[in-house]
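Below, all heavy atoms of this structure are taken into account, side chains as well, without hydrogens, waters or symmetry copies. Just so we're on the same page: letters track the sequence lines, and every chain starts at 1. This structure is a prediction, so every number in the text was calculated from the model and none was measured.
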There are 2 protein chains.
Amino acid sequence: MNFDSFFTFLQEKTSISQQGWEAMLPILSEQKISKGDFILTEGQICQKLCFVKSGAFRAFYLQDGKEINNEFFLENSIATDHESLTTQQPSRLYIEALESVSGIVLHRDDLIELYKLSPDLQAVGRDLLSLLLIERNRYASLFTLNTPTERYHYLLENRPDILERIPLQFIASYLGMARETLSRIRRKIS
Amino acid sequence: MNFDSFFTFLQEKTSISQQGWEAMLPILSEQKISKGDFILTEGQICQKLCFVKSGAFRAFYLQDGKEINNEFFLENSIATDHESLTTQQPSRLYIEALESVSGIVLHRDDLIELYKLSPDLQAVGRDLLSLLLIERNRYASLFTLNTPTERYHYLLENRPDILERIPLQFIASYLGMARETLSRIRRKIS
DNA sequence: CCCATTTTGTGACTTTCGTCAAATGATCTC
DNA sequence: GAGATCATTTGACGAAAGTCACAAAATGGG
């Protein structure tokens, strides 16, 4: 059981203290998820977060029989459906391991207890939410500000890891275009 | 000076306590913003939030000489550029009063002090960020999941107030389409 | 290493939306 | 309330992306 990578992640992204981290340790657990397995499916109420030590998840909607990818969780990110986790309403998302994942799991109920026990951890949660909000707002702006070609370049420059590891068919819907369109954009460049 | 509407808002959306509210009172101030005035322009570093008691703001990008609206702040919402506010980097946004606004202003520095003084308010900030994240994620998903027509209907059903009060030219870019397209979508319906 | 399967690329065609230009309708000011 | 300004609608056209069908390339078990 090695949770160091999660601590490093929190130290980089938030104002976590040594005491805060020690308070968190008891509710962490390690989990392996096989490639192809789901940690969340549509209709379920999301009960946990999974910090990705290694591997990759994708989160997607099933809309009119089509999979529309909404997010990719690679190393050093936290896979969850934040909306379902907080509202405790059924999720609309599927979260699937695209590669075998070694993860650190935190349960919602434990987290709520933890916040009561160590109130200074609230700031850590706030910092993480703040980063997520910035990321989601940028993602949303991609669609109103940029053309499909520009959206692809944004990914090239800002999240090249996704382009290297995630099949293009999944990336296309994440960027709001058809598989074929992404393929044609790529042809023009190289 | 009447801050009740802000307290009511926080009670509805967050877990704020009476003590928390009282700790917050000293850093609140009232402000009137005239129609057409800007509370933030591109390049500025955002230093405050403005709770809207009455009136309306729009936040927009200036991209290639075009205004692309990113958000509307009507009554009972908090106008700010969250990214610039937290990162203290220059903003890419303009925030303009579309109607005269009666607002309640909170300064970033005061807020940071307040969090130190009343740590339980961290949870309030966390609750608000959580709601914003959910909203932004839904907004982003509109572009990957839905057609322009469906996006318009989403607004009709979920934020009719925007359609009633905001000029259609501003709504079009918010929904990621040309003015003319929005006009044609509306023709088909009525 | 080969076959089956999956993923990516390509061409032809269609549909949708954007652009431009102009007209109509609404609003505001003096 | 007349004129000016601003907002919305409309039509004609073109560009961009989607769809469908299939080919090529890559992957991965056995």
Side-chain angles (χ1 to χ4, degrees), chain A residues 34-37 55-56 58 60-61 63-69 72 94 96-100 141-156 160-190, chain B residues 34-37 55-56 58 60-61 63-69 72 94 96-100 141-156 160-190:
Chain A
S34 304
K35 179 174 173 171
D37 281 1
R58 69 178 176 122
F60 66 91
Y61 297 97
Q63 177 92 337
D64 308 325
K66 280 187 184 170
E67 297 178 358
I68 308 290
N69 292 278
F72 301 106
Y94 297 82
E96 177 191 10
L98 286 178
E99 308 169 4
S100 293
S141 302
L142 271 183
F143 298 103
T144 56
L145 293 175
N146 302 117
T147 62
T149 304
E150 290 168 343
R151 300 203 288 269
Y152 173 71
H153 280 100
Y154 175 85
L155 217 60
L156 254 184
D161 49 340
I162 288 183
L163 281 167
E164 281 157 23
R165 283 171 55 189
I166 309 291
L168 292 171
Q169 50 171 333
F170 298 140
I171 296 176
S173 65
Y174 175 76
L175 291 178
M177 65 185 84
R179 283 199 321 281
E180 294 91 334
T181 303
L182 180 57
S183 179
R184 288 178 184 118
I185 288 170
R186 285 161 58 84
R187 172 170 49 175
K188 286 186 194 167
I189 294 155
S190 55
Chain B
S34 304
K35 179 175 174 171
D37 282 0
R58 69 179 177 122
F60 65 92
Y61 297 98
Q63 177 93 336
D64 308 324
K66 280 187 186 172
E67 297 178 358
I68 308 291
N69 292 280
F72 301 105
Y94 297 82
E96 177 192 10
L98 286 178
E99 308 169 4
S100 293
S141 302
L142 271 183
F143 298 103
T144 57
L145 292 175
N146 302 117
T147 62
T149 304
E150 289 167 343
R151 299 203 288 271
Y152 172 72
H153 280 98
Y154 176 85
L155 217 59
L156 254 183
D161 48 342
I162 288 183
L163 282 166
E164 281 156 22
R165 282 171 55 188
I166 309 289
L168 293 171
Q169 50 171 335
F170 299 140
I171 296 175
S173 65
Y174 174 76
L175 291 177
M177 64 185 84
R179 284 199 317 283
E180 295 90 333
T181 304
L182 179 56
S183 180
R184 289 179 182 117
I185 288 169
R186 285 162 58 84
R187 174 169 48 174
K188 284 186 194 164
I189 293 153
S190 53

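- One distance of note links CZ of B/Arg186 with CG of B/Leu163; it measures 6.5 Å at 0.5 Å rounding.
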Distance-only donor-acceptor hits, side chain of residues 167-183 of chain A, under 3.5 Å, sequence neighbours excluded:
residue  : atom : partner  : partner atom : Å
A/Ser173 : OG   : A/Asn69  : N            : 2.9
A/Ser173 : OG   : A/Asn69  : ND2          : 3.1
A/Ser173 : OG   : A/Phe170 : O            : 3.4

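- Scanning for side-chain hydrogen bond (donor to acceptor under 3.5 Å, both in side chains) contacts around B/Tyr154 gives an empty result, with sequence neighbours left out.
- Note that the first and last nucleotides of DNA chain D, 5' to 3', having any atom under 4.0 angstrom from a heavy atom of chain B are D/dA7 to D/dA12.
- Note on residues 163-175 of chain A: pairs passing salt bridge (charged side-chain N to carboxylate O under 4.0 Å, His left out), not counting sequence neighbours, are A/Glu75-A/Arg165, A/Glu99-A/Arg165.
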How far apart are the C-alpha atoms of B/Asn146 and A/Gln63, what are their side-chain angles, what is the distance that settles it, and do they pass the side-chain contact (heavy atoms from CB on, under 4.5 Å) test? CA-CA 9 Å; B/Asn146 302 117; A/Gln63 177 92 337; 3.6 Å; yes

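- For the pair B/Ile68 and B/Phe60, the minimum side-chain heavy-atom distance is 4.5 Å or more.
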With sugar-phosphate taken as primed atoms, P, OP1 and OP2 and all else as base, the protein-contact string of nucleotides 7-22 of chain C at under 4.0 Å (heavy atoms; B, S, -) is SBBBBB----SSBBB-

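- Not counting sequence neighbours, the partners of B/Glu67 by the salt bridge (Lys or Arg N to Asp or Glu O under 4.0 Å) test are B/Arg58.
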